[in-house]
Each structure stands twice: as C-alpha cells, then as structure tokens.
Enquirer: 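Take a look at the following structure, please.
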Amino acid sequence: MKKLLVASLLCTASLAQAHDLWVTAPATLSPSETLKADLSYSHDFPYPDEIPADRLHIFEPLHITSPDGTRKDLVQQGKNYQYVSESQLTKGSYVLTANYRPTFWSEFADDKWAQGDLTKNPTAMACQQAQMFGKSIVVVDGGENLEAISRPIGQELEIVPLANPNSAKVGKLFPVRILFQGKPLADEIVTATADTIALMDEEATHDHREPQIFSGKTDKEGKVNIIPLVEGFWKVKVKHKTPFANQKQCHENSLSATLAMQIGTKRVDISKPHAHD
C-alpha cells in the first residue's frame with residue numbers, strides 16, 4: 001500500500017512540474033552574423049520567460065560545441081535568458097545545449113512546491129530531483145557536418161539527431177536516438193509539438209495541456225523516427241524517471257530532454273504580446 005501511495009504521489013508531482021527547457025536559435029547562420037540564442041524555460045511554448053531570480057542558480061550558461069568537439073559558454077546579454085557568441089562563427093555545424101542542474105523539488109498538500117528535499121521539507125507529500133536538457137543545431141555558411149551533428153554531447157538524458165534537422169521535411173521520417181547516461185534508452189515515449197500547433201489552442205498551452213502532434217516509442221537501440229506533419233518550430237521531448245536512491249531524502253529522479261528544430265518556413269511571431277498565466 002505504501003508503494004502504491006508513493007507511486008500515486010509521484011504521478012501527481014510529474015504533472016505539476018510543467019515547465020520545459022529548450023534552445024531557441026537560428027537553424028542557419030552566415031559567417032558575418034553574430035549568433036543570438038535563447039535559453040528558453042517556460043510552460044508556454046514557444047514563448048520564453050524571464051527566469052525567476054530564485055531559479056537562476058539552477059541553469060548553466062548556454063553552451064556551444066564546435067565541429068571539432070570544443071565546448072564554450074555563450075555570453076549572457078540582454079534579458080537573463082538571452083545569449084550571444086563572443087565572436088562570429090566559422091563554417092560548420094554547431095550544437096547549442098542548455099542544462100538545468102539537478103534540483104530537488106517538494107510538493108505539499110495544497111499543491112504548492114518548494115525547492116529542497118524531504119530533509120528540508122519534512123511535511124511534503126512528494127519529492128523529485130529534476131534535471132532538464134535542451135539542444136539545437138546551427139549550421140554556419142552551409143557547413144553541414146553530420147558527424148558533428150550526431151555526436152553525443154554527454155547530457156544525462158540526450159536526444160541525438162541522426163540526420164541534419166535543417167533537412168527535415170514535412171511528411172518525411174526524421175530519425176533520432178535517445179541516450180540515458182550515454183547508453184541507448186529503449187521503450188521510452190518520445191513526443192513532439194510545433195509552435196504552429198501549440199498556438200492553435202492557447203488555452204490548453206497556458207493550462208499545462210500543450211497539444212502534441214507526435215508520439216512514438218524508442219526501439220532497443222534507443223531510436224525513433226519523428227514524423228513531422230506540419231511546418232513550424234518543433235520541440236521534440238523525452239522524459240525518463242527512476243527511483244531516487246535514498247527514499248527518505250527524495251522519491252524520484254525526473255529527467256527531460258528536448259531537441260528544437262525548424263521545419264519549413266512557417267513560424268509563430270514570438271515578439272508579439274501574448275496572454276500568459
């Protein structure tokens with residue numbers, strides 16, 4: 001009975017943690033342009049939010065990995081989720097990554113949440129240690145490099161594109177591999193949505209019921225084919241949960257990862273004001 005109760009509480013907890021992390025960046029860039037990208041953290045895709053002051057410490061700076069595997073931090077400039085490259089990028093394929101550090105969250109009977117584990121919040125109903133990861137691919141000066149694009153970056157939970165996202169087309173299969181701790185993750189559900197779909201039902205998106213237009217399960221090698229059915233800015237997502245080692249400290253590890261990719265030319269103008277709860 002106790003195990004069933006904990007499982008029920010964890011299900012509620014997972015539903016309550018509705019924010020996603022993704023990277024908003026141009027799919028292509030000319031050598032004369034400066035890269036500008038957003039560390040997007042919100043429950044209101046595709047709109048990024050200003051990151052609350054009490055959560056800023058959770059996020060690493062946006063990283064950029066060069067075709068040769070060298071990784072650097074981008075420079076935060078403007079709003080606290082906005083980043084730029086220190087210098088112009090040379091021809092090649094680059095991987096942008098966002099990381100949300102392992103963070104304990106406890107849920108209470110009144111549906112309120114607080115940072116900290118059960119030792120800090122002994123009256124909490126449930127606890128999870130959350131981690132989030134985001135990824136996006138930028139190709140500079142037409143320098144497509146599949147080896148760089150499909151090279152794992154080393155995120156705890158990672159979506160690895162097996163083709164150039166810039167080449168993804170409506171109605172054509174787009175393959176990805178899901179890795180957990182560097183190994184293929186089998187039998188896990190992968191979902192996806194696009195800005196052009198999510199904003200068709202803004203009420204659902206604001207209410208943590210974001211419309212999804214793809215769902216598939218990984219095979220034994222961690223692979224799944226995404227089927228893009230519309231143009232737009234796509235967010236591919238996978239979640240993975242494991243029991244926390246010390247159940248007296250916390251109940252569950254909850255990880256999520258996203259891959260942002262742009263298909264076709266249709267986009268939602270995120271510069272326009274929008275209703276937001």
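By convention here, the first residue in the shown sequence is residue 1. These numbers come from the heavy atoms of this one structure, side chains and all, not from hydrogens, waters or symmetry mates.
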Enquirer: If we only count heavy atoms from C-beta on, is the Pro48 to Ser42 side-chain gap below 4.5 Å?
Expert: no
Enquirer: Please set out all donor-acceptor pairs under 3.5 angstrom arising from side-chain atoms of residues 157-171, sequence neighbours excluded.
Expert:
residue	atom	partner	partner atom	Å
Glu158	OE1	Ile153	N	3.3
Glu158	OE1	Gly154	N	3.1
Glu158	OE1	Gln155	N	3.3
Glu158	OE2	Lys135	NZ	2.6
Glu158	OE2	Ile153	N	2.6
Asn164	OD1	Asn166	N	3.0
Asn164	ND2	Glu144	OE1	3.1
Asn166	ND2	Ala27	O	3.2

Enquirer: Taking the six-membered ring for Trp, are Phe174 and Phe214 ring centroids under 6.0 Å apart?
Expert: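 So the answer is no for these two rings.
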Enquirer: Treating Asn145 as the side-chain partner and Ala148 as the backbone partner, does any N or O pair qualify as donor plus acceptor under 3.5 Å?
Expert: yes
Enquirer: For residues Gln249 and Phe104, report the shortest heavy-atom separation together with the two atoms involved.
Expert: NE2-CZ, 3.5 Å
Enquirer: Under the side-chain contact (heavy atoms from CB on, under 4.5 Å) criterion, do Leu39 and Leu21 qualify, and how do the steps go?
Expert: CA-CA 7 Å; Leu39 190 159; Leu21 176 68; 3.5 Å; yes
Enquirer: Can you list everything that forms a side chain to side chain donor-acceptor pair (under 3.5 Å) with Glu156? Sequence neighbours excluded, please.
Expert: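 Side chain to side chain donor-acceptor pair (under 3.5 Å) check on Glu156 returns Gln181.
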Enquirer: Check whether any side-chain heavy atom of Leu29 sits under 4.5 Å from a side-chain heavy atom of Tyr94, and report yes or no.
Expert: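 Sidechains of Tyr94 and Leu29: no contact.
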Enquirer: Within the side chain of Thr218, is there an N or O that forms a donor-acceptor pair under 3.5 Å with the backbone of Leu185?
Expert: yes
Enquirer: Go through the steps for Gln115 and Arg55 under the test side-chain hydrogen bond (donor to acceptor under 3.5 Å, both in side chains), then give the verdict.
Expert: CA-CA 9 Å; Gln115 290 184 40; Arg55 300 191 189 190; over 6 Å; no
Enquirer: Counting C-beta onward and ignoring hydrogens, is there a side-chain heavy-atom pair between Val190 and Lys217 closer than 4.5 Å?
Expert: no
Enquirer: Given 3.5 Å as the limit, does a donor-acceptor pair link the side chain of Asp68 with the main chain of Thr70, or not?
Expert: yes
Enquirer: Say whether, by atom type as modelled, one donor and one acceptor occur between the side chain of His251 and the main chain of Cys127 under 3.5 angstrom.
Expert: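 Judged by distance alone, yes, a pair lies under 3.5 Å.
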Enquirer: Begin from the C-alpha positions of Asp38 and Ser40 and carry the test side-chain hydrogen bond (donor to acceptor under 3.5 Å, both in side chains) through to its verdict.
Expert: CA-CA 5 Å; Asp38 292 346; Ser40 301; 4.8 Å; no
Enquirer: What distance separates Tyr83 OH from Leu62 CG, expressed to the nearest 0.5 Å?
Expert: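 Spacing of OH (Tyr83) from CG (Leu62) equals 5.5 Å.
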Enquirer: Would you call the rings of Phe233 and Phe45 parallel, tilted or perpendicular, where under 30° means parallel and over 60° means perpendicular?
Expert: parallel
Enquirer: Looking at side-chain heavy atoms only, is the closest gap between Thr97 and Val23 below 4.5 Å?
Expert: no
Enquirer: Hey, which of Thr191, Asp20, Thr258 is the one that makes side-chain hydrogen bond (donor to acceptor under 3.5 Å, both in side chains) with Lys235?
Expert: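 Answer after filtering Thr191, Asp20, Thr258: Asp20.
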Enquirer: Can you tell me how far the OH atom of Tyr47 sits from the CG atom of Asp195, to the nearest 0.5 Å?
Expert: 8.5 Å
Enquirer: Would one find more than 12 heavy atoms of other residues, nucleotides or ligands at under 6.0 Å from atom CD of Gln212?
Expert: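 Counting neighbours around CD of Gln212, more than 12 heavy atoms of other residues, nucleotides or ligands fall under 6.0 Å, so yes.
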Enquirer: Grab the two heavy atoms, one from Pro61 and one from Asp73, that are nearest each other, plus how far apart they are.
Expert: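 Distance-wise, the nearest heavy atoms are CG-OD2, 3.8 Å.
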